[in-house]
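To keep things clear, I will list the structure first and then write my remarks on it.
None of the values given here were measured: they were computed from a predicted structure.
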Amino acid sequence: MVVVRCLGCLTQRRGLKALLAPTRSTRHRYRHLTHSVVDFRRWHSTGSWVPPTEGHETGITIYNTATQTKVPLLTQYEGLVSWYSCGPTVYDSAHIGHAVTYVRQDIIRRIMTRLFDLNVIMVVGITDIDDKIIKKAQELGVSVQDVSEKYEREFLSDMDRLRVCRPSITPRVTHHIPHIICFIQRILDRSMAYVAHDGSVYFDTEAYGDYGKLTLLPPLRQPSTEETVKKSERDFALWKAAKSGEPYWESPWGKGRPGWHIECSAMASHILGAPLDLHSGGMDLIFSHHENEEAQCCAHHHLPQWCNYWIHTGLLYTKMEEKMSKSLSNTITVNQLLNQHSINTFRFYCLLSHYRNKIIYTPASMSQANAHFKRIQSFLQDANAYINGQYKCAALDEPALKQKLSETRLKVKRSLADDFDTVKAVDAVIDLVSLGNKELQKKAEGSSSLSWSVGSSMVSICSYIYFIMEDVFAITFPKVSDASKLSVKEGVELTDVLDAVMRLRGEVRTFALLQGTHSQELSKSEKEARMKERQPLLKACDDLRTDLLKNGLHIKDHPKHTSWAVTEERKG
């Protein structure tokens with residue numbers, strides 16, 4: 001029997017669950033939890049999740065994997081969120097399965113910062129030493145560093161293109177080897193790890209005693225011959241003894257390199273401390289990666305709970321409902337994605353399902369996302385044309401539009417506060433767009449029915465949609481003002497040039513379509529003859545519209561006038 005120091009007192013270790021017995025009710029435990037010896041024992045005896053002590057409210061309810069229920073998101077410090085996310089293992093190009101995870105996390109981060117005024121300190125760890133990286137380097141005949149640096153640059157570039165905000169810090173495993181070694185030594189000192197005969201170090205899940213907080217553990221199986229070096233099948237490597245021809249670092253236990261799970265724990269603890277507010281990753285990381293992180297961090301820090309909130313994103317599947325994975329050779333790179341679809345379409349695709357749900361990638365699902373984007377874009381183009389005097393309609397119902405905007409703002413914030421429900425938030429915005437379109441499509445009956453003022457409702461609606469879609473969701477909609485970036489020379493705005501072109505084109509179309517004041521006096525045969533004669537003019541107007549669209553300028557012909565807008569580029 002091993003005698004160790006546990007939280008400042010000497011006890012005989014027979015496993016935490018056997019040693020530590022509950023003494024108070026769950027409600028009392030939640031209200032009065034501190035990091036005292038008593039509370040540590042009480043928590044480990046039940047395996048329960050415990051809200052942060054004296055946590056600060058954020059106004060957000062979050063689904064916590066540790067409880068499999070929605071709980072209020074409380075932070076240790078007011079207005080500050082410490083968040084660690086597992087980053088990529090940089091041995092190959094990122095695919096859109098990775099992209100979905102990081103875009104969804106980016107949307108959650110933006111919701112927190114833009115809508116709930118939280119300062120998010122986000123750390124995304126980069127695994128730059130791994131079996132797969134070593135194998136890739138050997139295949140290419142280059143160094144491990146060459147491989148990891150190439151694919152790290154590519155990954156960060158891909159995320160930039162997808163408008164994923166850069167992390168606050170991006171630590172690399174090879175830069176934190178001393179911290180990792182110290183982290184492992186502390187666990188050994190606590191008698192919750194052991195050194196195998198080959199110099200590898202393993203976490204002792206039985207000595208820890210509370211393994212399996214995040215998921216039901218799979219049943220134990222008979223270990224294979226090569227696994228007999230471990231005391232239990234569930235034990236996992238903290239340090240891997242070096243093999244011939246592999247990179248290694250010196251350690252108290254011999255030459256080797258870190259195990260996968262310890263890397264994130266050591267880097268997160270070194271930068272963010274403990275406990276941690278939030279930890280995220282894909283659903284496939286719950287077991288065993290995140291389970292192992294929680295266990296080794298609790299053992300290292302002597303805390304009953306290392307991470308207060310665990311969130312996991314659903315995985316991406318193909319049309320065959322097969323998980324997208326490099327091992328299945330069914331991946332689509334970010335480059336391949338952006339050769340077919342715009343960034344706006346892909347981010348909208350991520351919005352149209354809850355972040356916890358699996359997501360299926362099909363042409364139909366991308367078309368649906370693009371249709372939603374185009375619907376909002378078309379409304380904003382018409383609304384901006386109306387505001388700028390290019391689009392005429394009957395007077396708008398100002399009270400109804402303002403009331404709808406107020407309801408939408410409330411629905412959107414409530415939805416996003418409820419575990420970041422982007423599906424309901426988008427539905428609310430689409431409802432607002434529908435009413436806006438309905439108002440803009442009201443036909444004017446003579447000049448007397450035209451509004452002498454655009455009012456504030458349409459301006460307010462456009463402003464809100466730009467805020468929620470661009471600032472919060474990072475989906476951009478070109479504005480008329482963007483045309484000023486294309487100025488032909490200093491002092492000459494392209495907007496003025498286009499207005500003049502539109503006036504000329506409008507006059508030509510009116511003439512070609514026989515819409516002048518004398519057209520009513522012509523007979524049917526005369527009209528047909530003149531229409532045929534003027535057909536080349538109409539074609540020239542259509543050709544101009546097509547040519548301008550190729551250059552990002554969209555002309556829209558209405559019954560009695562024409563408007564124009566800057567449109568998004570088709571690719572990347």
Assess, by modelled atom type and distance only, whether the side chains of Glu407 and Gln403 contain a donor and an acceptor separated by less than 3.5 Å. yes
Are Asp418 and Lys70 ion-paired here, with the side-chain N under 4.0 Å from a carboxylate O? yes
side-chain contact (heavy atoms from CB on, under 4.5 Å), paired with Val90, selected from Glu154, Glu152, Lys136: Glu152
At their closest point, which heavy atom of Ile187 faces which heavy atom of Ala299, and how far apart are they? CG2-CB, 4.4 Å
Begin from the C-alpha positions of Phe477 and Phe379 and carry the test ring-ring contact (aromatic ring centres under 6.0 Å, His included) through to its verdict. CA-CA 11 Å; Phe477 292 92; Phe379 164 72; over 10 Å; no
Salt bridge (charged side-chain N to carboxylate O under 4.0 Å, His left out) against Asp419, all qualifying residues, sequence neighbours excluded: Arg356
Would you list the pairs meeting ring pair (Phe, Tyr, Trp, His ring centres under 6.0 Å) in which at least one residue belongs to residues 51-90, sequence neighbours left out? Tyr84-His279
Any side-chain donor paired with an acceptor under 3.5 Å for Asn370 and Thr345? yes
With under 30° as parallel and over 60° as perpendicular, where do the rings of His301 and Phe183 fit, or are they tilted in between? perpendicular
Quick one about Lys404 and Ser457 (side-chain donor to acceptor, distance below 3.5 Å, no hydrogens or angles considered), yes or no? no
Pair His290 + His261: ring centers closer than 6.0 Å: no
Are Phe203 and Tyr208 an aromatic pair, judged by ring center distance below 6.0 Å? yes
May I ask you to check whether Phe348 and Phe473 place their ring centers less than 6.0 Å from one another? no
Under 3.5 Å side-chain donor-acceptor pair for Ser434 and Asp431: no
Cut-off 3.5 Å, side chains only: do Gln105 and Ser85 have a donor facing an acceptor? yes
Between Ser251 and Arg257, does any side-chain donor sit less than 3.5 Å from a side-chain acceptor? no
Would you call the rings of Phe467 and Tyr464 parallel, tilted or perpendicular if under 30° counts as parallel and over 60° as perpendicular? tilted
I'd like to know whether the aromatic ring centres of Phe236 and Trp260 sit less than 6.0 Å apart in this structure. no
Verdict with reasoning, Thr65 to His312, per side chain to side chain donor-acceptor pair (under 3.5 Å): CA-CA 7 Å; Thr65 305; His312 293 92; 2.7 Å; yes
Would you check, one step at a time, whether the test salt bridge (Lys or Arg N to Asp or Glu O under 4.0 Å) holds for Asp106 with Arg110? CA-CA 6 Å; Asp106 180 66; Arg110 288 171 180 271; 2.8 Å; yes
